[in-house]
Amino acid sequence: MYNFDYQRPANAGAAAAAFAGDARYLAGGQSLVQAMKLRLSQSERLIDLGGAADLAGISVEGNTVKVGATTKHANVAASADVIKAIPALAELAGGIGDQMVRNMGTLGGSIANADPAACYPAAVLGLGATVHTNKRSIAADSYFTGMFETALQTGELITAVSFPVPTRAAYIKFKQPASRFALVGVFVAQTAAGVRVAVTGVKSSVFRATAIEAALNASFTPAAAQAVKLGTDGVNGDMHGSAEYRAAMVSVMAGRAVAAALAR
Ligand SMILES: Cc1cc2nc3c(=O)[nH]c(=O)nc-3n(C[C@H](O)[C@H](O)[C@H](O)COP(=O)(O)OP(=O)(O)OC[C@H]3O[C@@H](n4cnc5c(N)ncnc54)[C@H](O)[C@@H]3O)c2cc1C
């Protein structure tokens, strides 16, 4: 492990003010600490967000569920408010990694990291959420910009995410069995403005499957989703699954997500 200075500010404002030079925020440490131990990431200073009480918590405001950036996956999974308003979001959080990862990992850390196989990005994009930072609010459609890349600027601090409550939604993940990251994960949401389908684990970044959205806008049925055949342009292939396999699985998982959403 590299040496680093450590700060633990008491609130979001102090955390953002502490960010200068070669610094990095530390949330649950479930991605960052491993990267540091593997010497893939080095920073002179870590600013631990765990002491900033104003960054954690869940509130329901009208037709929106607002989740603070440092809220742990386990807390989202167990939240009665989330289970009632957006059960798909609670289930997604409850299916991330293992219990230790869920007890430590945070929403903000997950979407700042933007791992191409992570689960939360599918919920953020699938629900058309808004990412709030200490500087601005960013629509999900403009937030994820590439592999481990987002619209965040250096030092910009995610403070919360607002998730609009959909008519119905579901997330289905075909897991990589060792890590439980998504080999193929599909979040389907039926909203007043139409259907949104977000896919993770398949390309360099989470993306919307617009052909499946069009099919589901015409007919919100598993068969409609499964009838869409996706191409392999930009689709990942590795020892766990070829590009052809992953592309085919997107339609299968989307169909299962529609069935799960309809069963609610
Ligand atoms: C064994 C294992 C299995 C896992 N399985 C899954 C899985 O199935 N699905 C899944 O989605 N994820 C999975 N993860 C990842 C997990 O969800 C992590 O919690 C997440 O990727 C990072 O969140 P964190 O809070 O630990 O962030 P950290 O590791 O502390 O930080 C990650 C990055 O985000 C930045 N950051 C953190 N918070 C903020 C903020 N508020 N504003 C701006 N930048 C910030 C940090 O500077 C760092 O660059 C797994 C991890 C492990 C170790």
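Start at 1 and go down the list; that is how both ligands and their atoms are numbered.
Among residue pairs with one or both ends in residues 144-160, those qualifying as side chain to side chain donor-acceptor pair (under 3.5 Å) are T133-E156, R136-E156; sequence neighbours excluded.
Of the charged side-chain nitrogens involved, none lies within less than 4.0 Å of a carboxylate oxygen, so that D5 and R45 do not count as a salt-bridged pair.
In this structure M239 satisfies the side chain to side chain contact (heavy atoms under 4.5 Å, CB included) test with no other residue, sequence neighbours excluded. A search for side chain to side chain contact (heavy atoms under 4.5 Å, CB included) contacts involving N3 returns nothing, not counting sequence neighbours.
Contacts of ligand 1 (protein heavy-atom distance under 4.0 Å) are R24, Y25, L26, A27, G28, G29, Q30, S31, L32, Q34, L49, A69, H73, I96, G97, V101, G105, T106, G108, G109, S110, A112, N113, A118, C119, E156, L157, I158, K173, S179, R180, F181.
Atoms CD1 and CD1, from I138 and I158 in turn, are 7.5 Å apart once rounded to the nearest 0.5 Å.
Panel note: side chain T191, backbone T167; no donor-acceptor pair is recorded below 3.5 Å.
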